[in-house]
Amino acid sequence: MERAALLPVALLLCLALAGSADARRMKAGGFYELKNRRGDFSIKVTNQGAALVSAIVPDGQGNLADIVLGYDTVAEYASGSASFGATVGRVANRIANAQFVLDGKTYHLIRNDGNNTLHGGPRNFGKVLWTVKEHVRNGDSPYITFYYHSFDGEQGFPGDLNVYVTYQLSRPYDLSIRMNATATSKATPVNLANHVYWNLAGHGSGDVLKHKVQVRASHYTPVDRSMIPTGQIVPVSGTKYDFRAPTPVGTHKEAFLGGGGGYDINYAVDGRQNDMRKVARVQEPKSGRAFELWANQPGVQFYTAGGLVNEKGKDGKVYRQYGALCLETQAYPDAVNHPEFPSSIVRPGGQVYKHDMVFRFSNHNQASYYDA
């Protein structure tokens, strides 16, 4: 009788230990893969920073290449300075003087970019460990959802915030990224962005100055010397920022010469805010790889990786200046200090922050992958 009574206890103990092991795996940093049915389009992500780690995409001849810059290990995503592929926030981009006033109260943040706060502070959402909520590896629309609870006062921001990020492969060659956030206790600014670095010739293959870029934006937000918007929204016409027609990145040499540093500027995307609309198109001429970016945010940051200096990356590659480009859909930078900009404030009581984007890949041999 005693042995019979002990068996259920032993079984329960084993189940408890197995459950705790599963919980530890869910909380530990790891890599996760999504792959389409054909097997020629896949991504890897990590719950360290809810980051996009790789994207394997075919060229016009069917040759596969990883077109995303990144690191080999989870530890490097936690400690690296480049924010490769990361979900940055609570507020992406810069907040002037690391402070803002909301509902009559002044909030002081942590400075990590001169006198300003960049991407939410030194321990922003790209530097924390997210929980894996769901992971469907294969099928017609494989996806993974990450969750993070940002506590009241984290990096100086007010209120608790529940954040979800979902990566999904939809249609044969679409990558969708959906970001949702709800404030549960206080009003707070929210501006999440995906900080993926793209090189459509393959990561570590050289600079992107010959990539052709088109941005659906007639205006941009000029900045001062500390990269803070002046508050103006001015036309791109006649400036080096005019990418309304497909244009090689390196066309305007004045952006790169004499310490110009390339591009790091926010565009005011044409069309109605909150509507999904075409934001940009990028094509690499030699491989034929291209993507269209669709999103529902008012702005997009165009960055040509001027700050990359001999950054050790995946597969023994070393990433150098202009070795990638970023197109980060977002709210306008420093919107919390500019009432003339579209609001980035999320309030408790049912309001949901929604940031959706889709990268639609194609190549020379196919007018559209969707017809293949």
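Residue numbers start at 1 and run along the sequence shown. Since this is a predicted model, take the numbers as computed values, not measurements.
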Whether [X] side chain and [Y] backbone form a donor-acceptor pair below 3.5 Å:
X	Y	result
Glu311	Leu308	no
Tyr267	Tyr241	yes
Asp59	Arg289	no
Asp103	Lys105	no
Asp66	Ala55	yes
Thr304	Gly306	no
Asp356	Ala295	no

Examine [X] together with [Y] and report whether their ring centres are nearer than 6.0 Å.
X	Y	answer
Tyr107	Phe157	no
Phe125	Tyr148	yes
Phe243	Tyr220	no
Tyr71	Phe84	yes
Phe361	Tyr173	no

Worksheet item: Got a sec: does the NZ of Lys44 have more than 12 other heavy atoms crowding it under 6.0 Å?
Response: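 No, not enclosed.
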Item to complete: Can you establish whether the number of heavy atoms outside Lys240 located under 6.0 Å from its atom NZ is more than 12?
Response: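 For Lys240, atom NZ is crowded (more than 12 foreign heavy atoms under 6.0 Å).
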Is it the case that the side chains of [Y] and [X] hold a donor-acceptor pair, with the cut-off being a distance below 3.5 Å and no angle test?
X	Y	value
His203	Tyr319	yes
Gln297	Tyr332	no
Asn124	His119	no
Arg178	Gln168	yes
Asn194	Glu328	no
Tyr303	Asn266	no

Worksheet item: Do Phe291 and Tyr263 belong to the same hydrophobic cluster, where Ile, Leu, Val, Met, Phe, Trp and Tyr are linked whenever their side-chain heavy atoms lie under 4.5 Å apart, directly or via other members?
Response: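 Result: yes, single cluster for both.
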Item to complete: Could you state whether Phe146 and Val53 fall into the same hydrophobic cluster, counting links through intermediate Ile, Leu, Val, Met, Phe, Trp or Tyr residues with side-chain heavy atoms under 4.5 angstrom apart?
Response: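 In one cluster with Phe146: Val53, no.
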Worksheet, complete the sentence: Note: with side-chain heavy atoms under 4.5 Å as the link, the other cluster members for Leu64 come out as Ile56
Item to complete: Over all heavy atoms of both residues, which pair between Val249 and Leu325 is shortest? Give the atoms and the distance, please.
Response: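 Closest approach of Val249 to Leu325, heavy atoms only: CG2-CD2, 4.2 Å.
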Discussion item. Ignoring hydrogens, what is the shortest heavy-atom contact between Pro229 and Pro333? Give both atom names and the distance.
Written reply: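 Between these two residues, the closest heavy atoms are CG-O, 3.4 Å.
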Worksheet item: Got a salt bridge between Asp242 and Arg244, using NZ or NE/NH1/NH2 to carboxylate O under 4.0 Å?
Response: yes
Discussion item. Please determine whether a side-chain nitrogen of the Lys or Arg among Glu284 and Lys210 lies less than 4.0 Å from a carboxylate oxygen of the Asp or Glu.
Written reply: no
Worksheet item: For Arg281 and Ser362, what are the C-alpha separation, side-chain angles and deciding distance, and is it a side chain to side chain contact (heavy atoms under 4.5 Å, CB included)?
Response: CA-CA 11 Å; Arg281 186 177 190 276; Ser362 61; 4.1 Å; yes
Discussion item. Rounded at 0.5 Å granularity, tell me how far CG in Leu109 sits from CG in Asn116.
Written reply: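 Between atom CG of Leu109 and atom CG of Asn116 there are 10.5 Å.
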Fill in: Minimum side-chain heavy-atom gap Thr117-Gln155 below 4.5 Å
no
Worksheet item: Would a 4.5 Å heavy-atom cut-off, applied to side chains only, mark Val358 and Leu175 as touching?
Response: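 In short, these two side chains do not touch, never coming nearer than 4.5 Å.
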Discussion item. Please verify the inter-ring angle class for Tyr164 with Tyr147; under 30° counts as parallel, over 60° as perpendicular, anything in between as tilted.
Written reply: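 The rings of Tyr164 and Tyr147 sit tilted, inter-plane angle from 30° to 60°.
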Worksheet item: In terms of the angle between their ring planes, are Trp198 and Phe359 parallel, tilted or perpendicular, with boundaries placed at 30° and 60°?
Response: tilted
Discussion item. Could you go through Ser176 and Met357, starting from their C-alpha distance and side-chain angles, then the distance that decides it, and tell me whether this counts as side chain to side chain contact (heavy atoms under 4.5 Å, CB included)?
Written reply: CA-CA 6 Å; Ser176 301; Met357 67 197 87; over 6 Å; no
Worksheet entry | Distance under 6.0 Å and angle within 45° of ring axis: Arg360 vs Trp294 | yes
Discussion item. Which residues pass the side-chain contact (heavy atoms from CB on, under 4.5 Å) test with Val309, not counting sequence neighbours?
Written reply: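 Partners of Val309 under the side-chain contact (heavy atoms from CB on, under 4.5 Å) test: none.
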Worksheet entry | Arg347 vs Ile345, side chain to side chain contact (heavy atoms under 4.5 Å, CB included): CA-CA, chis, key distance, verdict | CA-CA 7 Å; Arg347 297 183 178 277; Ile345 304 302; 4.2 Å; yes
Practice prompt. Output, in order, the C-alpha distance, side-chain angles, deciding distance and verdict of salt bridge (charged side-chain N to carboxylate O under 4.0 Å, His left out) for Asp315 and Lys317.
Written response: CA-CA 5 Å; Asp315 307 323; Lys317 302 286 189 179; over 6 Å; no
Discussion item. Pair Phe256, Leu209 - check side chain to side chain contact (heavy atoms under 4.5 Å, CB included), show working.
Written reply: CA-CA 10 Å; Phe256 300 90; Leu209 299 184; 3.6 Å; yes
Fill in: Selection residues 146-165 - residue pairs positive for salt bridge (Lys or Arg N to Asp or Glu O under 4.0 Å), sequence neighbours left out
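Those involving residues 146-165 are Arg123-Glu154, Asp152-Lys186.
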